[in-house]
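Remember, predicted model here, so these are calculated numbers, not experimental data.
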Amino acid sequence: MSSIQDTILQLLEKSSLPGLYKVLIRNLLPNMSRVQQDNLFVILSKEASKKNILSMKAEKIYDQYNSILNNLQRDPTTFDEGIYGKKQTYTTASGGQLSNLKQQLDLEALKKQVGGK
Amino acid sequence: MSKNGSLEQPSTVPESQKPPEGSSVKGWFEDLKKRYKSALKESKKGNTWKEKIFFFLTAFLARVNQLSEEEQKIEDEAAAKTGEVLMQMPSEQIVSVVEKELVGGIGFIDPIVHDFTVASVNVGKGFGTQKFGKISKAMDKMKTGEGVPETLRPDEKAILMAFGLKTVTALKNNPAYDTVEKFAAALGKFDEATKNGKGLQYLKQPKIKELFKFDAGDMAALFKFKELLPDISFDKKVWGMEWSIGSGKLKSSELQRKLTSAPLSYEEAMNLQGSFALLFPNTKDANRAKALMTINQIVLKDGGFPTNRHIAELVFSIDTRDIEKLSEILQA
């Protein structure tokens, strides 16, 4: 088996391709032309690279929201100043990423929703 | 009491374990989602605490959804491009791999397994790379657990049904299976021949039958008829629509009651067959009545799963053009 075929099979292990595609690639790889193998290599490498970037984003969001919940569970008054008073303080205290939240959410609407239940 | 005077609720939810490297988006956040939801549940007595958890939970879910969409795009793109490479391979090579996988080895391949595989490969190629990528992903979900998994989205279920319908139609046209008896016997052989297969569970007859289980809920995919029949008022389920029959005014609820309460006589089925005229316009009245009786028998059976005989009867009662139309509608 050539090195490109080995690499494709290694990439295939971590790929999210459907099971049927994986079975077909494993069995048909030796019958594929060099161009087809190169194409597969590029597709799988790109997928792996994009997934890697996505995983880093996921880790960042995980750390951020895990930390928020841990802080709240340790001290329920955390973020009080930010949420109920100076929103700017809240944004700064929680990191720049939370500024997106302000755009996505209407806090007043949420207060009404929660209060209504 | 907290410093702002409200009763706060300290949490007993344990802290998350960081997921392993390389996890999917779902893998990353499953545990943390549970923790947030538990915290929200725990916080009923503390209004400010609840409000904060709700606020962060909503924001958190928005970020997770965004990442899930990105992940979906990456996966769809990889599947579509890989599909293009695979489609270039000769059909006989693809068939050879799939049929070996279906029987679980290199041993004897029963002719029905071969014919079924040829039909599904040809049908699959006809769907194109993007749709077939989606079908293959949905097949993976069908592998897990008993019955049709809850994780199968309605659009995935619909496209699997469309794929199954087209494959069945292709087999119906094969002279080796051109009667109800031969078709039902072939399906029985197919069950037997693929029972030791390692993968591709969806392509095995029992899994397909699970997808074609007949009950009101499983007919939900047909609500897409709404687009074709704009004058008819639809609920989200086809049985929920107000469907007049011929010159009469029999409502869908009455039709459903008749189909689910007692066996239909042929005379009664003939009277009701008009209700299926919209669904199967090319099928003759007498054959529509037969299809109605078969559906009635399936619905009355425990679990609503069709037998091989039921499937064969439906395949030969309903006009091929109507089956294909149904497949097209499900893909829409």
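Residues B/Q88 and A/M32 form no side-chain contact, since every pair of their non-hydrogen atoms from C-beta on lies 4.5 Å or further apart. Side-chain contact check for B/K100 versus A/V23: every heavy-atom pair is 4.5 Å or farther apart. A/Q64 has its side chain within reach of B/R63: a pair of non-hydrogen atoms, C-beta onward, lies under 4.5 Å apart. Inter-residue side-chain proximity for B/V97 and A/R26 is flagged as unmet; no heavy-atom pair is nearer than 4.5 Å. At a threshold of 4.5 Å between non-hydrogen side-chain atoms, the residues A/L69 and B/F56 do not count as touching.
Under the rule for a side chain to side chain contact (heavy atoms under 4.5 Å, CB included), the partners of B/L61 that lie at least two apart in sequence or sit in another chain are B/K33, B/L57. By the side chain to side chain contact (heavy atoms under 4.5 Å, CB included) test, A/S67 is found to be paired with A/N71, residues two or more places apart in sequence or in another chain being considered.
For the pair B/K137 (side chain) and A/S16 (backbone), a donor-acceptor distance under 3.5 Å is present. Here the side chain of B/Y36 pairs a donor or acceptor atom with the backbone of A/Y65 at under 3.5 angstrom.
Distance check, rounded to the nearest 0.5 Å: OG1 of B/T82 to CD1 of A/I25 gives 5.5 Å. Atom CG of A/L20 is separated from atom CZ of B/F132 by 5.0 Å, given to the nearest 0.5 angstrom. Rounded to the nearest 0.5 Å, atoms CD (B/E71) and NZ (A/K50) are 13.0 Å apart. A/L40 CG to B/K81 NZ: the interatomic distance, rounded to the nearest 0.5 Å, is 12.5 Å. With values rounded to the nearest 0.5 angstrom, B/M89 atom CE is found 8.0 Å from A/S33 atom OG. Considering OH of A/Y62 and CG of B/D31, their distance stands at 6.0 Å, rounded to 0.5 Å.
When all heavy atoms of B/F29 and A/A58 are compared, the pair lying nearest together is CZ-O, 3.3 Å. Annotation for A/Y21 and B/A79: closest pair CE2-O, 3.2 Å, computed over non-hydrogen atoms. Between A/P18 and B/G133, the shortest heavy-atom contact is CG-O, 4.0 Å.
Using a 4.0 Å cut-off between charged side-chain N and carboxylate O, B/E70 and A/K57 make a salt bridge.
Using a 4.5 Å cut-off between heavy atoms, B/V25 contacts chain A through its side chain alone, with no backbone atom that close. In this structure, the portion of B/L86 lying under 4.5 Å from any heavy atom of chain A is its side chain and not its backbone. Proximity to chain A (any heavy atom under 4.5 Å) is shown, for B/E84, by neither the backbone nor the side chain.
Of all the listed residues (A/V35, A/D63, A/V42), the one sharing the greatest number of non-hydrogen pairs under 4.5 Å with chain B is A/D63.
A 6.0 Å sphere centred on CD of B/Q72 holds more than 12 heavy atoms belonging to other residues, nucleotides or ligands.
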